[in-house]
Amino acid sequence: MSTNDNQLPSNFIRQIIADDLSNNKNNGKVVTRFPPEPNGYLHIGHAKSICLNFGIAIENNGACHLRFDDTNPEKESIEYMESIKRDVQWLGFKWNELCHASDYFEPLYRYALQLIEQGQAYVDSLSAEQIRAYRGTLTEPGKASPDRNRSVVENLDLFKRMRAGEFADGQYVLRAKIDMASPNINMRDPAIYRIRRVHHQRTGNDWCIYPMYDYTHCISDAIEGITHSLCTLEFEDHRPLYDWVLDQLHTPCHPQQIEFARLQLEYTIVSKRKLNQLVTEKYVNGWDDPRMPTIAGLRRAGFTPKALRDFCERIGLTKQNSWIEMGVLEYCIREDLNENAWRAMAVLQPLRVVISNYPEGQVESLEISNHPQRHELGKRQVPFSKVILIEQDDFAQIPPPKYKRLIVGGEVRLRGSYVIRCDEVIKDADGNIIELQCSYDPETLGKNPEGRKVKGVIHWVSEQQSYPAEVRLYHRLFNVPQPDNEENFLDALNPDSLEVLTDCRVEASLAKANVENRYQFERTGYFCLDAVDSSDGKLVFNRTVTLREGWVKD
RNA sequence: UGGGUCGUCGCCAAGCGGUAAGGCACGGGGUUUUGAUCUCCGCAUACCAAGGUUCGAAUCCUUGCGACCCAGCCA
């Protein structure tokens, strides 16, 4: 699909690519890559990168690779790889090639030999602590390791023996020989290979040395013919090293690294380490807990791929560190769901209403539209009877100002049904309201009553013809806009982020609800069936997002 | 004077020397059998600050100020 790019919002990366194309750089090709390390689940910050990389490729008739940056087997797993593939596909993207940094372990090794032969890499016997001490500080230059001038022959021998497994983990490291006095600390002879006897999820025990990110990433990009290597701002300082490696090795192509600001969303975190901690220490129920900002969590909560893609386009792309308000994400999902979700009625906290003048035992089938604007979505039958359930909040003995729901002696419209009047409140011995005695106006089905205006409309279900359900209301996971800035982000956790309602009743049509569908429970929000905890006999709904609130009672 | 990057509305963000787009949020009208949706209107004489160049500066120059990133054998 090619896109008319003057319809897409301009951003600095689109401009760079347009310029490159007009200069026929890379022979007019655009190849990008999304390169996650498989050490956790993807989150909404990754969604931004996915939409960027795949989007750029689609817009320019180019290609985008999914590449696993799997050079640190200690933290990586097949489970994470599978989840990443699933999430990228669910977001609606197809990779042109599925790659792994580990596919290149052999060429990477040969390139390292070349660097050594060129006198641009050496085997160092300093310990990690010593290397840190030799590196200097932000304001002071580093100093050379005693091994820095080891001969090429000796370096070659040692590096080959590193690979052969003759040395213990940590005993040696291969370092690029650049500049120990560079003001850019990344250029002070960075380590590019370490000895680590760890089973690799793909290469097994073939290797006991593993290449480091800075050395691997640029070469992987070059091998794959990537034209634009898009990454986040913290790698700006690494670009000189990215370019240095490729310059020494004379690779067939030299991709351009371009950095952009990572997504920061208010009231949430996108640090993999911290998300991992929430899961392993059971602050949430897994990576796909609907409160998590992971793709899996958002999916389970009922977010749609379309809404997430729209969000990623709306937030823009710059080099400015910025915080996106939750309102933007909520707007995106509401916009999609408002248009596409089927309407239904569900009473979350039921209050029994007996319609005294309605015939005992009669059940009427009312036909109600599945969508108020999109009539092509059809209608459904909703049973009405003498005893119905309404929301406790929709009745008030002492109404707050501007209240337009049910009050004693007042009238209200039952959505898609009749107008009822509340005649009497029934209470138990403790004074709790347990039932309302109401009467209905048989002349008000499908038409307004004569001579009076009924302002309020409330939802309802028939007591007998409704189904029990559990409804989970999710609130923000954190109480502060920027939990990452707290001393301890766990202190900012919202203890009430999960609210479980177990006495809900949903209209009959929802008994056939399926996981793929999204529903608007009229007047309360957007919901979907929980993909994990629902079963044939049990309905569990997750609230994706509330409806926009135009009126909030005190 | 360690290096790198960034400062345009409450939050994002266009703008690339010709006189401040757009979105979200917010406020106010209208429609509505969802306090939803939809719709109309309003919302920066002003672009971190101060100088300078120019007929003309958010855009160019100078000097300040502020914020973020970097001292893993993580990515």
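In this text, all values refer to a predicted model and were calculated from it rather than measured experimentally.
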Using a heavy-atom cut-off of 4.0 Å across all strands, would you classify [X] as base, sugar-phosphate, or nothing?
X: A:Thr216; result: nothing
X: A:Gly170; result: base
X: A:Arg413; result: base
X: A:Glu140; result: nothing
X: A:Ile195; result: nothing
X: A:Leu126; result: base
X: A:Pro372; result: base
X: A:Lys447; result: base
X: A:Ala191; result: sugar-phosphate

Report yes or no: is there a donor-acceptor pair, N or O only, under 3.5 Å between the side chain of [X] and the base of [N]?
X: A:Arg405; N: B:G35; result: yes
X: A:Arg523; N: B:U34; result: no
X: A:Arg196; N: B:C73; result: yes

Write down the distance between [atom1] ([X]) and [atom2] ([N]), rounded to a whole number of angstrom.
X: A:Arg309; N: B:G23; atom1: CZ; atom2: P; value: 22 Å
X: A:Asn321; N: B:C6; atom1: CG; atom2: P; value: 11 Å
X: A:His217; N: B:A75; atom1: NE2; atom2: P; value: 11 Å
X: A:Phe260; N: B:C68; atom1: CZ; atom2: P; value: 21 Å
X: A:Glu234; N: B:C68; atom1: CD; atom2: C1'; value: 11 Å
X: A:Glu325; N: B:A25; atom1: CD; atom2: P; value: 9 Å
X: A:Asp69; N: B:G72; atom1: CG; atom2: P; value: 20 Å
X: A:Gln257; N: B:G4; atom1: CD; atom2: P; value: 16 Å

Please pick, from [options], the nucleotide with the shortest atom-to-atom distance to any side-chain atom of [X].
X: A:Gln320; options: B:C74, B:U37, B:A13; result: B:A13
X: A:Met212; options: B:A75, B:U34, B:U37; result: B:A75
X: A:Arg314; options: B:G2, B:G23, B:A75; result: B:G23
X: A:Ser10; options: B:U37, B:C24, B:A14; result: B:A14
X: A:Ile185; options: B:A71, B:G35, B:A13; result: B:A71

Which nucleotide, if any, forms a Watson-Crick or G-U wobble pair with [N], using both distances under 3.5 Å?
N: B:C73; answer: none
N: B:C55; answer: B:G18
N: B:C24; answer: B:G10
N: B:C68; answer: B:G4

Could you check whether A:Tyr440 and A:Tyr358 have their ring centres less than 6.0 Å apart?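 For A:Tyr358 and A:Tyr440, the ring centres are under 6.0 Å apart.
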
What distance, rounded to whole Å, do you find between the two [atom1] atoms, one in [N] and one in [M]?
N: B:A21; M: B:C55; atom1: C1'; result: 26 Å
N: B:G52; M: B:C43; atom1: P; result: 33 Å
N: B:U8; M: B:U1; atom1: P; result: 28 Å
N: B:G29; M: B:A67; atom1: P; result: 42 Å
N: B:A57; M: B:G66; atom1: P; result: 28 Å
N: B:G64; M: B:G3; atom1: P; result: 14 Å
N: B:C16; M: B:A58; atom1: P; result: 12 Å

Between [X] and [N], does any side-chain N or O lie under 4.0 Å from OP1 or OP2?
X: A:Ser322; N: B:C11; result: no
X: A:Thr137; N: B:A71; result: no
X: A:Gln15; N: B:A14; result: no
X: A:Arg194; N: B:C74; result: yes
X: A:Gln373; N: B:U37; result: no
X: A:Tyr213; N: B:C74; result: no
X: A:Gln520; N: B:U37; result: no
X: A:Arg175; N: B:C73; result: no
X: A:Arg132; N: B:G72; result: yes
X: A:Arg135; N: B:C73; result: yes
X: A:Arg343; N: B:U37; result: no

Give every residue pair that meets the ring pair (Phe, Tyr, Trp, His ring centres under 6.0 Å) criterion with at least one member in residues 308-331 of chain A, sequence neighbours excluded.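 Checked against ring pair (Phe, Tyr, Trp, His ring centres under 6.0 Å) - neighbours excluded - no pair reaches residues 308-331 of chain A.
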
Pair A:Arg67 + A:Asp103: basic N to acidic O under 4.0 Å: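 No.
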
Interface residues of residues 235-244 of chain A with RNA chain B (non-hydrogen, below 4.0 angstrom):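 Here the set is A:Phe235, A:Glu236, A:Asp237, A:His238.
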
Could A:Arg196 and A:Tyr210 be counted as a cation-pi pair, given that NZ or CZ must be under 6.0 Å from the ring centre and within 45° of the axis?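 Not satisfied by the 6.0 Å and 45° rule.
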
Measure from NZ or CZ of A:Arg415 to the centre of the six-membered ring of A:Trp460 and say whether it is under 6.0 Å with the direction within 45° of the ring axis.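 Negative - A:Arg415 is either too far from the ring of A:Trp460 or too far off its axis.
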
Would you say [X] and [Y] make side-chain contact, with heavy atoms under 4.5 Å?
X: A:Arg343; Y: A:Pro372; value: yes
X: A:Leu42; Y: A:Phe34; value: yes
X: A:Ile258; Y: A:Ile16; value: yes
X: A:Arg194; Y: A:Cys208; value: no
X: A:Leu308; Y: A:Leu298; value: yes
X: A:Ile192; Y: A:Arg175; value: no

Would you mind calling B:G10 syn or anti? Take O4'-C1'-N9-C4 for purines or O4'-C1'-N1-C2 for pyrimidines, and syn is within 90° of 0.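 B:G10: anti.
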
Which residue, A:Asp214 or A:Ile458, contacts RNA chain B at a nucleotide closer to its 5' end, judged by nearest heavy atom?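 It is A:Ile458 whose nearest nucleotide is closer to the 5' end.
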
Can you tell which of A:Arg14, A:Lys306, A:Lys48 makes a salt bridge (Lys or Arg N to Asp or Glu O under 4.0 Å) with A:Glu313?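 Running salt bridge (Lys or Arg N to Asp or Glu O under 4.0 Å) over A:Arg14, A:Lys306, A:Lys48 with A:Glu313 returns exactly one hit, A:Arg14.
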
